[in-house]
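Below is one structure; the comments refer to it alone.
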Amino acid sequence: MLGRTANSLFWMFRYLERAENMARLLDAGLRIALTRDLEAAEAEWRSVITTAGHREAYDAIHDGYTGIQVWNFILRDKENPSSVREMFGIVRSNARAARNAISGEVWEAVNEGWMQIDAKLARPVSASQISEVVRKIRRIGTLVHGAVTNTMLRNEGFHFARAGTFIERGDSTARILDMKYYLLLPSLNYVGSSLDSGQWEQVLRSVSGERAFLWLNAGQMDASKIIEFLVLDESFPRSLAFCHGALRDHLAALARLHGSEGASNALIRDSGGLLADLKAEAIFEEGLHQFLTNFMARNASIGAAITDDYRFLS
Amino acid sequence: MGVKDSHFDEMFDAAGDVRPAYREYYSWLDQQDPKWLARKDAEADDSFRSTGITFNVYGEDEAEERLIPFDMVPRIISASEWRRLTKGIEQRVSALNSFLYDLYHRQEIVRAGRLPERLLRDNDAWLPNMVGFTPPGGIYTHIVGIDLVRTGPNDFFVLEDNARTPSGVSYMLENRETMMTMFPELFQSVGVESVSNYPRKLARSLAACAPAAFDSAGGSKPTVAVLTPGIYNSAYFEHAFLADQMGAELVEGSDLRVVDGRVQMRTTRGYRPIDVLYRRVDDEFLDPLTFNPDSVLGVPGIMDVYRSGGITIANAPGTGVSDDKAIYSFMPEIVEFYTGEKPLLPNVETWRCADPDSLAYVLDNLEELVVKEVHGSGGYGMLIGPTATKKDIKAFRQKLQAKPENYIAQPTLSLSTSPIFTKKGLAPRHLDLRPFVLVSPDGVDITPGGLTRVALKKGSLVVNSSQGGGTKDTWVLKE
């Protein structure tokens with residue numbers, strides 16, 4: 001496969017994941033905002049825009065934080081060069097560039113998804129439409145991944161696509177956690193105490209994990225359980241351990257197909273080693289913020305190593 | 001239901017009766033509910049959009065990707081008509097290939113006084129670098145599209161030869177796919193020749209022209225790649241489609257470089273040599289070291305590799321020489337010179353404006369004629385006398401007088417029509433036909449069908465997609 005094609009596949013799936021994560025973030029914000037008073041809602045929306053990484057760009061053109069401003073900024077504003085609408089455009093142009101490395105069904109899922117989203121986001125999204133838009137974005141991601149699973153050859157293209165998905169997802173989960181890490185701090189003194197459940201619900205909702213978490217923990221919320229779930233639980237598909245476990249497998253498959261290992265294989269092994277046998281307590285000792293910062297740096301260096309190992313750019 | 005018109009209609013004869021080739025189709029059509037057909041028509045558009053069969057249009061802010069309108073009434077050619085056409089096409093394409101070989105070798109046709117030397121000198125597509133070089137397999141035009149028009153029951157004419165880089169074959173294939181999805185029962189009742197193995201035949205004929213450097217040891221097959229200018233090119237869909245269907249890599253100039261005397265592509269495993277390059281990039285941009293130095297679409301040094309037998313380029317550089325409309329006017333002589341036979345498919349009568357008598361005639365009859373630029377294509381830069389305004393004609397007259405050798409003129413042909421589906425029922429529109437021809441050392445292969453381009457505006461004679469034309473599925477009936 002061409003290095004350029006591998007690069008297109010990798011970024012196509014990174015951006016698809018990123019767009020989907022934005023939809024999850026908005027979904028969580030909506031839910032919380034609906035159950036709080038106006039002031040608390042404003043704080044929620046501020047937190048959504050911060051977690052999305054758009055605080056500076058948003059503050060440059062808006063004074064306050066209302067739901068309708070925040071979701072329109074994240075989804076479609078022209079002033080936001082990384083709006084969801086733009087992301088879908090990037091997903092689609094990468095899919096076009098890698099057209100002969102994806103199946104027809106994957107291409108159609110992407111192309112139809114892009115047409116729907118682009119039309120929906122051509123005009124401002126009102127309060128009555130936002131839930132539907134968010135659901136649609138998530139559904140397109142699901143359709144594309146389903147088409148990948150059902151129709152794509154398990155060759156290098158498949159593994160590059162998956163590597164892109166899990167690098168992006170790991171980064172996103174770590175970023176969401178990092179934005180809220182301070183919420184966990186007081187609980188260090190009160191191990192086992194009940195947290196601000198509304199705030200935590202938002203974090204869990206942002207990674208579509210609220211049901212799974214409550215089911216696993218019989219409805220109990222506590223700091224170390226949440227860390228275990230989002231960082232270490234290998235059965236939860238958006239946890240850091242799951243993302244890097246999957247990444248390790250796909251990078252190993254790529255090394256097998258190419259007949260030799262690269263720097264990316266060594267890096268992901270190290271990361272797996274760091275996550276294995278880790279306990280929530282140890283993470284608190286290191287400092288959650290420090291731990292997440294290190295994780296994101298490792299994650300980024302694996303992405304860079306893949307780019308070099310497989311000649312994406314030169 | 002008859003369509004009365006002074007033009008030859010493909011479906012109905014002068015009495016309004018359905019012609020034999022269309023009878024089975026028409027009896028099916030006649031039984032369908034018009035409302036259901038209208039729904040199907042809308043479905044076809046959606047299906048093209050989902051599949052992303054679009055072409056890019058420049059110079060407009062919105063809608064940079066557009067659909068080529070598809071008409072769901074097929075154009076049908078009988079088995080005997082097709083047999084006659086293929087004989088003529090085969091003869092013409094063989095002559096074209098011999099002609100190109102001769103032009104870049106001894107130029108016998110010029111020595112024999114049958115073609116003025118000036119036509120080569122003035123031809124932008126003429127490549128001195130190709131002189132004395134024989135492409136692998138001796139093939140210049142691996143892929144050819146011959147544009148045909150019809151004016152009567154037995155009157156087919158060649159309007160243009162596209163030996164450089166004919167496009168549109170993906171529409172031939174996708175139009176058929178769409179028709180088969182929409183009307184599966186139709187293909188059970190009417191015997192239609194299949195077009196679907198075109199990509200396999202293309203792959204085979206390209207692989208048959210491997211360069212000297214190709215090493216077949218261990219039974220390996222030549223590596224074929226399609227070179228595209230990239231996703232913003234108007235025909236990108238077709239480039240990706242053909243690469244996909246052939247199982248070939250779709251490469252851009254930035255993926256390629258010359259390594260160890262071969263053109264190699266950057267894969268995730270490092271650089272790997274390409275044996276045959278089906279390029280959809282014009283000669284001018286192919287090699288910045290040889291041609292346009294600003295080109296980023298090509299590969300620096302590829303011409304040296306080509307000349308030393310390191311790669312096959314299809315179609316061969318310099319092939320565009322024969323697409324020139326001044327050369328076209330000599331095609332009857334060219335066919336006779338190389339095949340020793342009279343051309344089976346006639347040219348459209350053509351006046352070369354470089355010739356003073358012809359120019360005088362053309363200037364006197366501008367209102368009646370179609371005037372084309374010698375090097376033009378795509379329906380740009382032409383004058384259609386009968387539909388032009390007085391002002392257009394006046395402006396064109398000046399251009400023509402300033403540079404007569406830049407133009408040829410042809411009578412305004414009474415192009416055949418065929419019905420298209422409209423909201424008000426069937427309505428006749430003018431059309432042409434581009435069959436696709438593959439040439440390999442094993443011979444000439446013509447896919448039974450082709451691309452039928454149809455003007456969608458009533459009375460219009462311009463069928464080019466860049467000028468608002470549409471396409472139809474083209475059926476060749478089984479014997």
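Letters A, B, ... are given to chains in the order of the sequence lines, protein chains preceding strands, and every chain is numbered from 1.
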Considering only heavy atoms, which portion of [X] lies under 4.5 Å from any heavy atom of chain B: side chain, backbone, both, or neither?
{"X": "Leu313(A)", "result": "backbone"}
{"X": "Leu254(A)", "result": "neither"}
{"X": "Asn7(A)", "result": "neither"}

Taking the side chain as every heavy atom from C-beta outward, state whether [X] and [Y] have any atom pair closer than 4.5 Å.
{"X": "Phe160(A)", "Y": "Thr268(B)", "answer": "yes"}
{"X": "Leu250(B)", "Y": "Arg99(A)", "answer": "no"}
{"X": "Asn111(A)", "Y": "Thr51(B)", "answer": "no"}
{"X": "Leu2(A)", "Y": "Arg266(B)", "answer": "no"}

(message) Quick one about Ser50(B) and Glu112(A) (side-chain donor to acceptor, distance below 3.5 Å, no hydrogens or angles considered), yes or no?
(response)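 There is such a pair between these side chains.
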(request) Give, for atom CZ of Arg96(A) and atom CZ of Phe237(B), the distance between the pair rounded to the nearest 0.5 Å. (result)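 Those atoms lie 9.5 Å apart.
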(message) Return the CD1 to CG distance between Ile102(A) and Asp244(B), rounded to the nearest 0.5 Å.
(response)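 Between Ile102(A) CD1 and Asp244(B) CG, I get 9.0 Å after rounding to 0.5 Å.
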(request) Could you tell me which non-hydrogen atom of Ser93(A) sits nearest to which non-hydrogen atom of Ile231(B), and how far apart they are? (result)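 Closest approach of Ser93(A) to Ile231(B): CB-CD1, 3.8 Å.
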(message) Tell me the closest heavy-atom pair linking Ala243(B) and Asn100(A), and the distance in Å.
(response)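 Heavy atoms only, the tightest pair is CB-ND2, 3.7 Å.
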Quick check on [X]: does its [atom1] atom have over 12 non-hydrogen neighbours (other residues, nucleotides or ligands) under 6.0 Å away?
{"X": "Glu261(A)", "atom1": "CD", "value": "yes"}
{"X": "Arg123(A)", "atom1": "CZ", "value": "no"}
{"X": "Asp260(B)", "atom1": "CG", "value": "no"}
{"X": "Lys221(B)", "atom1": "NZ", "value": "no"}

(request) Using the side-chain contact (heavy atoms from CB on, under 4.5 Å) rule, take Asp46(B) and Met115(A) through it: C-alpha gap first, then chi angles, then the decisive distance, then the call. (result) CA-CA 11 Å; Asp46(B) 289 346; Met115(A) 286 191 289; over 6 Å; no
(message) Looking at Glu249(B) and Arg4(A), is any side-chain nitrogen of the basic one under 4.0 Å from a carboxylate oxygen of the acidic one?
(response)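 Salt bridge between Arg4(A) and Glu249(B), a charged N being under 4.0 Å from a carboxylate O: no.
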So which part of [X] gets closer than 4.5 Å to some heavy atom of chain A, the side chain, the backbone, both or neither?
{"X": "Glu252(B)", "result": "both"}
{"X": "Arg257(B)", "result": "neither"}
{"X": "Ala225(B)", "result": "neither"}

(request) State whether the side chain of Arg269(B) and the backbone N or O of Leu257(A) hold a donor-acceptor pair below 3.5 Å, judged by distance alone. (result)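 Yes: the side chain of Arg269(B) pairs with the backbone of Leu257(A).
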(request) Against chain A, work out which of Arg49(B), Met265(B), Arg272(B) has the most heavy-atom pairs shorter than 4.5 Å and name it. (result)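 Most heavy-atom pairs under 4.5 Å with chain A: Arg49(B).
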